[in-house]
Amino acid sequence: MPSMKYTQLGRTGLKVSRLVLGTMNFGPQTDEADSHTIMDSALAAGINFFDTANVYGWGENKGRTEEIIGNWFAKGGERRDKVVLATKVYGNMAGDGPAWPNHDKLSALNIRRAVDASLKRLKTDYIDLYQFHHIDRLTSFDEIWQAIDVLVRQGKILYAGSSNFPGYKIAQANETAARRGGTIGLVSEQCLYNLAERRAEMEVIPAAQDYGLGVIPWSPLHGGLLGGVIRKEIDGGRRASGRAADTLADPTARAQIQAYEDLLDKHGIEPGEAALAWLLTRPGVTGPIVGPRTAEQLESAIRAVELELSEELLTGLDEVFPGPGPSPEAFAW
């Protein structure tokens, strides 16, 4: 048995690894063969929690990521049985054009249609965790839970989770579920959360903790910013791109990232590993989503699970990246 650490997903009896394998790059960035190799390596390392979404593949290739995972399951070897599979519903699946009415969001009709399409692409007959990718301001939670209850009875899904929900919507969803009775409600929330982006600490994470949801942070390295981006720029001439490049163009933000890298250099710890390890110390966090493109990146992520951060280092990280503080004290007396 691998040395991976495991925890319960929120208030459920479901045991999941402290790292979640993110698959968003499968298809657009990583071809099918390499994607299969990464999934095999993750499973061999004890990572049993895989996250995807129906829209991954993007553009005209929406659904492609689920197909790649489905083809991997079809290889057998107990792959499907060993994986806690999470996917998502909400997005428009109609290529880059506008959605045909009722072909996106969270109406009972689209949930029914979307789950059947995901099951077909994933080559499985059930999804362990079915997540709402975004709030739907036009559909009531009574309707959403009615649709989910049917899917649970049919054996097509086991649990429901949210993604990118504000705290009040987590509360609203689970209060509605409690009022209906017999509905377990949301068991997890997948949110943007990392050292550089801590706003979730003010409302989202406290709501998740109060309602027994496991927190699954996405973008734990904040688009590469927390992975030693300045050092890589200096050592290998590898220029930052995307969100990281935009942030580093701001002198104040660049100085903050430099202070972060200097602090970790002093402690002899790799920045990316420290960023993951920090999330694993945070209350309510089940495990961050990692999207390795190489075996080395996967090994680095696994090392983070074993990494113990000293109180001195944790204090230093808080000084570089102060959180917003608790609600309501962060904005009131």
Side-chain angles (χ1 to χ4, degrees), residues 4-7 9-10 16-26 29-30 38 42 45-53 56 86 88 131 133 161-165 188-201 204-205 208 213-232 240-244 247-248 253 256-257 260-261 263-264 269-294 296-309 313-314 317-318 320-324:
M4 176 56 59
K5 294 179 180 176
Y6 299 89
T7 189
L9 180 63
V16 295
S17 49
R18 297 289 330 257
L19 291 178
V20 185
L21 182 70
T23 64
M24 190 171 69
N25 292 321
F26 293 179
Q29 303 288 332
T30 309
I38 288 170
I47 297 173
N48 75 332
F49 198 3
F50 288 18
D51 177 74
T52 191
Y56 290 172
K88 308 183 195 77
Q131 302 162 110
H133 212 161
S162 57
S163 182
N164 307 304
F165 271 35
S188 61
E189 160 59 19
Q190 187 176 135
C191 59
L192 175 61
Y193 182 39
N194 55 56
L195 270 166
E197 176 48 88
R198 295 178 61 171
R199 284 177 292 180
E201 292 176 356
V204 175
I205 292 172
L213 280 66
V215 175
I216 307 167
W218 61 264
S219 196
L221 304 187
H222 208 52
L225 260 183
L226 300 172
V229 65
I230 296 176
R231 188 203 299 168
K232 287 172 185 172
S241 60
R243 188 192 318 176
T247 304
L248 292 179
Q256 186 181 39
I257 299 298
Y260 164 71
E261 293 189 17
L263 174 66
L264 293 170
I269 297 174
E270 287 297 317
E273 292 173 23
L276 291 173
W278 178 83
L279 280 169
L280 291 170
T281 71
R282 306 309 297 165
V285 168
T286 299
I289 297 174
V290 296
R293 289 191 291 274
T294 65
E296 292 76 24
Q297 287 175 343
L298 181 61
E299 288 165 12
S300 175
I302 292 165
R303 284 196 297 273
V305 178
E306 300 292 336
L307 191 58
E308 295 284 340
L309 304 183
L313 177 52
L314 289 170
L317 290 170
D318 274 336
V320 176
F321 296 111

Subject >> Partner residues of Phe49 under the ring pair (Phe, Tyr, Trp, His ring centres under 6.0 Å) criterion, sequence neighbours left out >> reply: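 Not a single residue meets the ring pair (Phe, Tyr, Trp, His ring centres under 6.0 Å) criterion with Phe49.
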**OP:** Under the ring pair (Phe, Tyr, Trp, His ring centres under 6.0 Å) rule, collect the residues that match up with Phe165, sequence neighbours excluded.
**Re:**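 For Phe165, no residue satisfies ring pair (Phe, Tyr, Trp, His ring centres under 6.0 Å) once neighbours in sequence are set aside.
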Quick one, [X] and [Y] - any side-chain contact, counting heavy atoms below 4.5 Å?
{"X": "Phe26", "Y": "Ile38", "answer": "yes"}
{"X": "Val229", "Y": "Ile257", "answer": "yes"}
{"X": "Val290", "Y": "Val20", "answer": "no"}
{"X": "Asp51", "Y": "Lys88", "answer": "yes"}
{"X": "Pro288", "Y": "Leu19", "answer": "yes"}
{"X": "Pro220", "Y": "Leu279", "answer": "yes"}
{"X": "Tyr6", "Y": "Val16", "answer": "no"}
{"X": "Leu264", "Y": "Leu313", "answer": "yes"}

Rounded to the nearest 0.5 Å, what's the gap from [atom1] on [X] to [atom2] on [Y]? Could you check?
{"X": "Ser17", "Y": "Asn48", "atom1": "OG", "atom2": "CG", "answer": "4.5 Å"}
{"X": "Leu226", "Y": "Glu197", "atom1": "CG", "atom2": "CD", "answer": "11.0 Å"}
{"X": "Leu314", "Y": "Glu308", "atom1": "CG", "atom2": "CD", "answer": "10.0 Å"}
{"X": "Ile289", "Y": "Leu21", "atom1": "CD1", "atom2": "CG", "answer": "9.5 Å"}
{"X": "Leu225", "Y": "Thr247", "atom1": "CG", "atom2": "OG1", "answer": "4.5 Å"}
{"X": "Ile216", "Y": "Gln131", "atom1": "CD1", "atom2": "CD", "answer": "5.5 Å"}

**OP:** Could you check Glu261 against Lys232 for salt bridge (charged side-chain N to carboxylate O under 4.0 Å, His left out), going step by step and ending with a plain yes or no?
**Re:** CA-CA 11 Å; Glu261 293 189 17; Lys232 287 172 185 172; over 6 Å; no
Considering all heavy atoms, the nearest [X]-[Y] contact:
{"X": "Val215", "Y": "Cys191", "answer": "CG1-SG, 3.9 Å"}
{"X": "Ser162", "Y": "Leu213", "answer": "OG-CD2, 4.2 Å"}
{"X": "Leu309", "Y": "Ala274", "answer": "CD1-O, 4.0 Å"}
{"X": "Gly46", "Y": "Met4", "answer": "O-CG, 3.5 Å"}
{"X": "Gly287", "Y": "Leu280", "answer": "CA-CD2, 4.3 Å"}
{"X": "Val320", "Y": "Gln256", "answer": "O-NE2, 2.9 Å"}

**OP:** Assess whether side-chain hydrogen bond (donor to acceptor under 3.5 Å, both in side chains) is satisfied between Thr23 and Thr52, documenting all intermediate values.
**Re:** CA-CA 6 Å; Thr23 64; Thr52 191; 3.1 Å; yes
Original post:
Taking it one step at a time, do Asn194 and Trp218 satisfy side-chain hydrogen bond (donor to acceptor under 3.5 Å, both in side chains)?
Top reply: CA-CA 8 Å; Asn194 55 56; Trp218 61 264; over 6 Å; no
Original post:
Between Tyr260 and Phe321, does the ring centre distance come in under 6.0 Å?
Top reply: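 Yes, close enough.
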Original post:
Would you call Glu201 and Arg282 a salt bridge, taking side-chain N to carboxylate O under 4.0 Å as the test?
Top reply: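 Arg282 and Glu201: salt-bridged.
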**OP:** Indicate yes or no: does Glu306 engage Arg18 in a salt bridge with an N to O separation below 4.0 Å.
**Re:**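 No, Glu306 and Arg18 are not salt-bridged.
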**OP:** Please lay out, stage by stage, how Glu273 and Arg303 fare under the test salt bridge (charged side-chain N to carboxylate O under 4.0 Å, His left out).
**Re:** CA-CA 7 Å; Glu273 292 173 23; Arg303 284 196 297 273; 2.8 Å; yes
**OP:** For the pair Ser163 (side chain) and Gln190 (backbone), establish whether a donor and an acceptor sit closer than 3.5 Å, ignoring hydrogens and angles.
**Re:**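 Checked: pair present.
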**OP:** Could you tell me which residues satisfy side-chain contact (heavy atoms from CB on, under 4.5 Å) with Asn25, sequence neighbours excluded, listed by chain and number?
**Re:**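 For Asn25 the side-chain contact (heavy atoms from CB on, under 4.5 Å) partners, ignoring immediate neighbours, are Gln29, Thr30, Arg293.
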